[in-house]
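Report on the following structure.
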Amino acid sequence: MRGLARREVIAETELRIVVIGSSGPSQFLLTNYILGREEFTKDVCSIAGSRKNVGELAGRQVAVVNAPNLYDKDLSKSKMREELRRTKCLSCPGPHAILIAFDLEKISPNDIQTPKLVMKHFGESVLNFAMVLLAYDGHLGGAALDDRIMKTDWHLRELIEQCNCRYHIFSKNWRNHSKDRDLLQKLERMIGAMGGCCYTSPAYRKAEESVRKEEKKLMKKRAPETERAWRELEKQYQGEELRWQMDAYNASVGAEIRAKAELDNSWLRTSLALGFVLGFAAGATMGMIVGSVEGLAGMALGGAVGGAVGGAAGSAVQSAIEHLDERVGPHANNFNSAFMNRAISPSTGVYTASLAAGRT
């Protein structure tokens with residue numbers, strides 16, 4: 001079935017969650033709520049680059065990927081496409097859930113269109129894996145709040161019905177964990193209804209294939225260093241302790257290489273470059289044809305100008321093609337800066353990758 005990846009054992013798999021907002025701080029409040037820590041300060045209303053954080057929700061390992069708000073006025077359309085493609089890289093082979101966050105008291109006409117926009121960017125069947133998350137700290141609760149959402153406010157009902165009536169109300173105070181278990185159970189029921197699979201699409205399949213190829217390249221490049229580390233461990237440990245140390249080291253290296261491959265792989269490096277090359281060639285040809293009216297000098301000038309214009313246009317066209325095919329975007333520069341500056345807590349294993357690092 002389209003939109004489904006291979007079956008995974010729900011209880012043992014880290015839940016991959018993509019969090020999306022339309023505008024304002026709701027999606028960042030939701031990320032804090034899921035992770036149980038203040039990953040984003042309360043005044044954050046937008047981010048320039050996609051981000052991935054890991055943590056726990058009600059004892060369950062989760063990886064949360066944030067994309068920029070879909071109606072962020074500070075980002076150009078090309079930048080928005082780039083970051084949405086980057087979001088797919090960070091959540092491949094595909095998310096188990098897409099959570100679309102809103103402030104219950106500030107639903108706008110644009111918000112009602114957000115699920116359709118998510119479907120446009122991620123694929124036709126993505127809403128089968130989607131849930132509406134509503135930030136609310138008002139006085140209503142229980143059945144009264146549910147009645148307001150599904151019976152009184154028609155715009156809220158219209159919004160939620162687009163996600164098969166799946167919704168959850170969360171507190172803006174990330175320290176309030178009273179409904180953590182409820183949210184996790186809703187997510188697991190949704191995933192179970194889809195056969196225990198994660199969402200996938202042509203874009204996600206291509207992203208995962210490229211990431212795996214990059215992992216193999218990096219592993220091969222890292223082999224001499226890994227073998228030296230193994231020999232050092234063999235000098236220090238024996239028996240079960242050696243096996244434990246080797247497993248821990250291999251897992252650490254594997255996680256590092258996977259993270260690096262998600263941030264920088266051949267697909268991300270070539271997607272926009274291809275559009276520029278094709279556009280430059282076509283633009284240069286057309287420029288030379290037009291310039292031929294003025295002779296050889298006109299052909300040369302027309303070819304140069306046409307190539308430059310065509311290259312820019314080609315990049316835009318390639319972005320549009322990638323958008324239709326749900327592809328992922330160009331890589332972040334200076335991976336070492338982005339990766340080495342990540343935050344890892346020895347006690348929780350929490351990992352944070354900010355993709356804005358190392359980029360201009």
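Heads up: numbering here begins at 1 and tracks the sequence.
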Residue pair H121, T87: steps toward the side chain to side chain contact (heavy atoms under 4.5 Å, CB included) verdict: CA-CA 11 Å; H121 287 298; T87 295; over 6 Å; no

Stepwise side chain to side chain contact (heavy atoms under 4.5 Å, CB included) test for W230 and M246: CA-CA 7 Å; W230 287 347; M246 293 278 276; 3.5 Å; yes

Verdict with supporting geometry, M150 and C165, side chain to side chain contact (heavy atoms under 4.5 Å, CB included): CA-CA 9 Å; M150 297 306 295; C165 296; 4.1 Å; yes

Side chain to side chain contact (heavy atoms under 4.5 Å, CB included) evaluation trace for L117 with K120: CA-CA 5 Å; L117 196 56; K120 177 182 176 182; 4.1 Å; yes

Test salt bridge (charged side-chain N to carboxylate O under 4.0 Å, His left out) applied to E82 and R85, step by step: CA-CA 5 Å; E82 175 185 341; R85 292 192 295 266; 5.6 Å; no

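With hydrogens and angles ignored, the 3.5 Å screen pairs no side-chain donor or acceptor of H96 with any backbone N or O of C198. The backbone N or O of I112 lies less than 3.5 Å from a partner atom in the side chain of Q162, making a donor-acceptor pair. R181 places a side-chain N or O within 3.5 Å of a backbone atom of A58 that can act as its donor or acceptor partner. In this structure a side-chain-to-backbone donor-acceptor pair under 3.5 Å is missing from D264 to K260. With hydrogens and angles ignored, the 3.5 Å screen pairs no side-chain donor or acceptor of K52 with any backbone N or O of A63. Looking only at distances, no side-chain donor or acceptor of E56 sits under 3.5 Å from a matching main-chain atom of G36.
Residues meeting the side-chain hydrogen bond (donor to acceptor under 3.5 Å, both in side chains) test with S91, sequence neighbours left out: Y204. Take N32 and apply the side-chain hydrogen bond (donor to acceptor under 3.5 Å, both in side chains) test, not counting sequence neighbours, and it matches no residue.
Residues D103 and L29 fail the side-chain proximity criterion, which asks for heavy atoms closer than 4.5 Å. Looking at heavy atoms from C-beta onward, P68 lies in side-chain contact with M80 at the 4.5 angstrom threshold. Inter-residue side-chain proximity for L145 and L104 is flagged as met; some heavy-atom pair is nearer than 4.5 Å. Side chains of V62 and L35 form a contact here, defined as non-hydrogen atoms less than 4.5 Å apart. Contact annotation: the side chain of N164 never approaches that of L127 to less than 4.5 Å [non-hydrogen atoms, C-beta and beyond]. At a threshold of 4.5 Å between non-hydrogen side-chain atoms, the residues L99 and V64 do not count as touching. The closest side-chain heavy-atom distance from Y199 to I98 is not below 4.5 Å. The closest side-chain heavy-atom distance from N265 to C89 is below 4.5 Å.
Of all the heavy atoms in C163 and I100, the pair that sits closest is SG-CD1, 4.2 Å. Contact detail for D111 and L159: the closest heavy-atom pair is O-CD1, 3.3 Å. Listed here is the closest heavy atom pair of I107 and H155: CG2-CD2, 3.6 Å. Contact record, G55 with R37: CA-NH1, 4.1 Å, taken as the closest heavy-atom pair. Residues N69 and G24 come closest through the heavy atom pair ND2-O, 2.9 Å. Closest of all the heavy-atom pairs between I47 and F40 is CG2-CE2, 3.8 Å.
Linking ILVMFWY side-chain heavy atoms closer than 4.5 Å, directly or via other members, places V211 and L90 in two distinct hydrophobic clusters. One hydrophobic cluster, built from ILVMFWY side chains closer than 4.5 Å, holds both Y237 and Y249. In the hydrophobic clustering of this structure, L263 groups with V18; members are Ile, Leu, Val, Met, Phe, Trp, Tyr whose side-chain heavy atoms approach within less than 4.5 Å, directly or through other members. Cluster annotation: M194 and M119 are assigned to the same hydrophobic cluster (Ile/Leu/Val/Met/Phe/Trp/Tyr, side-chain heavy-atom contacts under 4.5 Å, transitive). Side-chain heavy atoms closer than 4.5 Å link hydrophobic residues (I, L, V, M, F, W, Y) into clusters, and following such links, even through other members, never connects L15 to W174.
A distance of 11.5 Å separates CD of Q113 from OG of S22, quoted to the nearest 0.5 Å. In this structure, OG in S46 is found 12.0 Å from NZ in K73, a value given to the nearest 0.5 Å. Remark: I160 CD1 to L134 CG distance equals 5.0 Å, nearest 0.5 Å. In this structure, the separation between OH on Y33 and CG on N176 is 6.5 Å, given to the nearest 0.5 Å. In this structure, the separation between CG on L242 and CG on D247 is 9.0 Å, given to the nearest 0.5 Å. In this structure, the separation between CZ on F170 and CG on D182 is 13.5 Å, given to the nearest 0.5 Å.
The side chain to side chain contact (heavy atoms under 4.5 Å, CB included) with L187 is formed by just one residue from the set R166, M131, H168; it is M131. When R212, K213, R205, K206 are each tested for a salt bridge (Lys or Arg N to Asp or Glu O under 4.0 Å) with E209, only one passes: K213.
There is no side-chain donor-acceptor pair under 3.5 Å between N173 and S171. There is a side-chain donor-acceptor pair under 3.5 Å between Q245 and E241.
Between R258 and E208 a salt bridge is recorded (basic side-chain N to carboxylate O distance below 4.0 Å). One finds no salt bridge joining K221 and E214 here, because no Lys/Arg side-chain nitrogen approaches an Asp/Glu carboxylate oxygen to under 4.0 Å. Taking 4.0 Å as the cut-off between side-chain N and carboxylate O, E83 and R86 count as a salt-bridged pair.
Cation-pi contact between K88 and F122: present, with separation from the ring centre below 6.0 Å and deviation from the ring axis of at most 45°.
More than 12 heavy atoms of other shown residues, nucleotides or ligands fall within 6.0 angstrom of atom CD in E105.
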